[in-house]
Amino acid sequence: MKRKHLLGLKDITAEEIEEILDTAAEMKKLLNQNVKKTPHLQGKNITTLFYENSTRTRVSFETAAKIMGANTFNISASSSSVQKGETLIDTGKTLEALLTDVVIIRHNKSGAAQHLSKNVRNMSVVNGGDGMNEHPTQALLDMLTMKEKFGSFKGLKVVIAGDVKHSRVARSNIWGLNKMGAEVTLAAPATLMPMEVESMGVKATNDLDSVLEGANVVMGLRVQLERQQAGLFPSIAEYHKYYGLTPARINRADPDAIVMHPGPINRGLELSSETADGESSYILEQVTNGVAVRMAVLFLLSRR
Ligand code: CP
């Protein structure tokens, strides 16, 4: 991989995705050892710059960088000079002047990572989630989880259910899985289905139950209450009735199907506790794979 930034999966090739996943699989071997340390990023400075809350993405990038010997720094917009009015570009240029090699940015505005990447000279920019646009490393860790379980993406039936409209995770998975040959179906209420769905190369339905048969992966999405106006569905009970991932619903999928969710989960809304904690749940495997994928991304971008 020769690119300087990782901004999304819409604009990268299947070969690049394959290289990231193969590298992540190698990195994962290290995570299973007693001593989790490699010098791949020794002497590099890695900074997370988060304008939105995060547990998994921020901590797994920091863990990945630390395992590989980098110096790590975490900036939360709420406790930084952003609060004094500093712009994103001025903050980015300041981080570059502070010798940051790679910055991971999370921002509530779609396009923020790309905007930053166009305004820095040497620093690599990784999109840690921008508005409703993309969350590429989440989709890559989802894809690593699927590849470990099923070996290949060709013909893999993936159902993505819930609040697709507001989900950057769904968009990155759609772009990535399509490129790798999976069959993606979106299931969402009409009010939570994106307008552009027809141009995304996926099937779409409002009837989740009608598309579960034969599904290999059933991915629930967090209902993003912070990004939607009131009234996009009648009530939590009604949403759970039609789109909640319950054991009865998962039993309709392939007997070997796995349940995935990017987290954080809303128990009783997107999925029941029985499903979240059940044998087919791969939610915590996803979290661990996030470290391996982020090690791979940091390594591949830093080696240019
Ligand atoms: N999946 C995800 O992005 O989780 P966090 O918001 O905790 O980083």
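All residue numbers refer to positions in the sequence shown, counting from 1. Remember, it's 1-based here, ligands and their atoms both numbered in the order they're listed.
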Just grab all the side chain to side chain donor-acceptor pair (under 3.5 Å) pairs involving residues 240-252, residues at least two apart or on different chains. D209-R249
Side-chain contact, heavy-atom cut-off 4.5 Å: V102 with S302? yes
Of all pairs that satisfy salt bridge (Lys or Arg N to Asp or Glu O under 4.0 Å), the ones with a partner from residues 191-208, not counting sequence neighbours: R171-E196
Which pairs count as salt bridge (Lys or Arg N to Asp or Glu O under 4.0 Å) when at least one residue sits in residues 132-159, sequence neighbours excluded? E18-K147, D22-K147, K28-E148, K149-D256, K157-E183
Taking N45 for its side chain and L99 for its backbone only, find out whether a donor-acceptor pair lies under 3.5 Å. yes
Report the relative orientation of the aromatic rings in F299 and H40; use parallel for angles under 30°, tilted for 30 to 60°, perpendicular for over 60°. perpendicular
Every residue of the protein that comes under 4.0 Å of ligand 1, judged on heavy atoms: S54, T55, R56, T57, R106, H135, Q138, P262, G263
